[in-house]
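Heads up: the structure comes next, in structure tokens.
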Amino acid sequence: MVDFVDEKERELFARARIGEEARRFLESDLGRYLHGRAQKEIEQAQVDALECNAWTWLGRRKLLKLQHKAGVARSFLRWIVDAIQDSEVAYQELSEYRKEEI
């Protein structure tokens, strides 16, 4: 159990902790599997998009579906990266915050 100086310190600690959890998730079997699936979704959407005829209604529709599919996978990856990056910022702020309080 950690005694926090105030709510700001509690929030910084929580942000730092979430990033650590994201790292552990990516290192887990499930995390590696989902990361790989997301990468494959993006790659396959790119390959399939090259075969779309954007001059036809059906081709544009298929292209939009592929873009959405790849976008979902990219969002998943971006959220994990964002959590880790935010964690690093929070950790730095937390380190500086404790120095200021002393």
Side-chain angles (χ1 to χ4, degrees):
M1 191 68 177
V2 178
D3 291 325
F4 298 105
V5 174
D6 57 19
E7 281 304 308
K8 180 176 180 178
E9 188 180 53
R10 181 185 305 275
E11 185 238 331
L12 290 171
F13 185 82
R15 286 173 41 207
R17 188 169 165 213
I18 285 174
E20 289 302 315
E21 289 177 17
R23 276 193 180 93
R24 282 195 301 274
F25 170 73
L26 282 178
E27 293 169 355
S28 72
D29 291 340
L30 177 60
R32 286 192 302 273
Y33 171 77
L34 291 176
H35 180 268
R37 286 288 306 262
Q39 292 284 36
K40 285 181 182 177
E41 285 281 322
I42 294 166
E43 291 167 9
Q44 189 60 51
Q46 291 171 337
V47 169
D48 293 346
L50 292 174
E51 297 174 7
C52 288
N53 181 356
W55 297 105
T56 67
W57 179 82
L58 287 175
R60 285 190 301 274
R61 185 174 175 179
K62 183 177 179 184
L63 190 56
L64 287 172
K65 285 182 179 182
L66 290 168
Q67 288 173 333
H68 176 72
K69 196 173 187 179
V72 170
R74 277 194 206 106
S75 290
F76 166 73
L77 296 174
R78 185 78 239 154
W79 295 333
I80 298 292
V81 169
D82 286 349
I84 292 170
Q85 288 175 342
D86 185 54
S87 168
E88 291 169 358
V89 169
Y91 181 76
Q92 288 298 323
E93 289 179 25
L94 188 59
S95 297
E96 293 169 12
Y97 194 72
R98 273 289 177 150
K99 289 177 188 175
E100 291 172 7
E101 292 297 318
I102 294 176

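Hydrogens, waters and symmetry mates play no part in the numbers below; they use all other heavy atoms, side chains included. Residue numbers run from 1 in the order of the sequence given.
- A single hydrophobic cluster is not seen to contain both Tyr91 and Phe13; linkage of ILVMFWY side chains at heavy-atom distances under 4.5 Å, directly or through other members, places them apart.
- Here Glu7 pairs with Arg10 in a salt bridge; the nearest charged N to carboxylate O distance falls below 4.0 Å.
- Taking CG from Leu77 and CG from Leu34, the interatomic distance works out to 10.0 Å, rounded to the nearest 0.5 Å.
- By the 4.0 Å N-to-carboxylate-O rule, Glu88 lies too far from Arg15 to be salt-bridged with it.
- Rounded to the nearest 0.5 Å, atoms CD1 (Ile84) and CH2 (Trp79) are 15.0 Å apart.
- Considering SG of Cys52 and CD of Gln67, their distance stands at 9.0 Å, rounded to 0.5 Å.
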request  = Give the C-alpha distance, both sets of side-chain angles, the deciding distance and a yes or no for side-chain contact (heavy atoms from CB on, under 4.5 Å) between Gln85 and Val89.
outcome  = CA-CA 6 Å; Gln85 288 175 342; Val89 169; 5.8 Å; no
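- The minimum heavy-atom distance linking Arg32 with Leu26 is given by the pair CG-O, 3.3 Å.
- Closest non-hydrogen pair, Phe76 versus Ala38, comes out as CD2-CB, 3.9 Å.
- Using a 4.0 Å cut-off between a side-chain N of Lys or Arg and a carboxylate O of Asp or Glu, Glu11 and Lys8 do not qualify as a salt bridge.
- Once rounded to the nearest 0.5 Å, the distance linking CD of Gln39 with CZ of Arg37 reads 13.0 Å.
- Looking at every heavy atom in both residues, Ser87 comes nearest to Ala16 through OG-O, 2.8 Å.
- Under the 3.5 Å distance criterion, the side-chain polar atoms of Ser75 are matched with a main-chain donor or acceptor of Gly71.
- The list of side chain to side chain donor-acceptor pair (under 3.5 Å) pairs with a residue in residues 53-65, not counting sequence neighbours, is empty.
- Residues Ala90 and Leu12 approach most closely at CB-O, 3.5 Å, considering heavy atoms.
- Classification of Glu27 and Arg23 as a salt-bridged pair fails, no side-chain N sitting under 4.0 Å from a carboxylate O.
- When all heavy atoms of Ile42 and Arg74 are compared, the pair lying nearest together is CD1-CG, 3.5 Å.
- Shown here for Leu66 and Ala49, the closest heavy-atom pair between the two residues is CD1-N, 3.6 Å.
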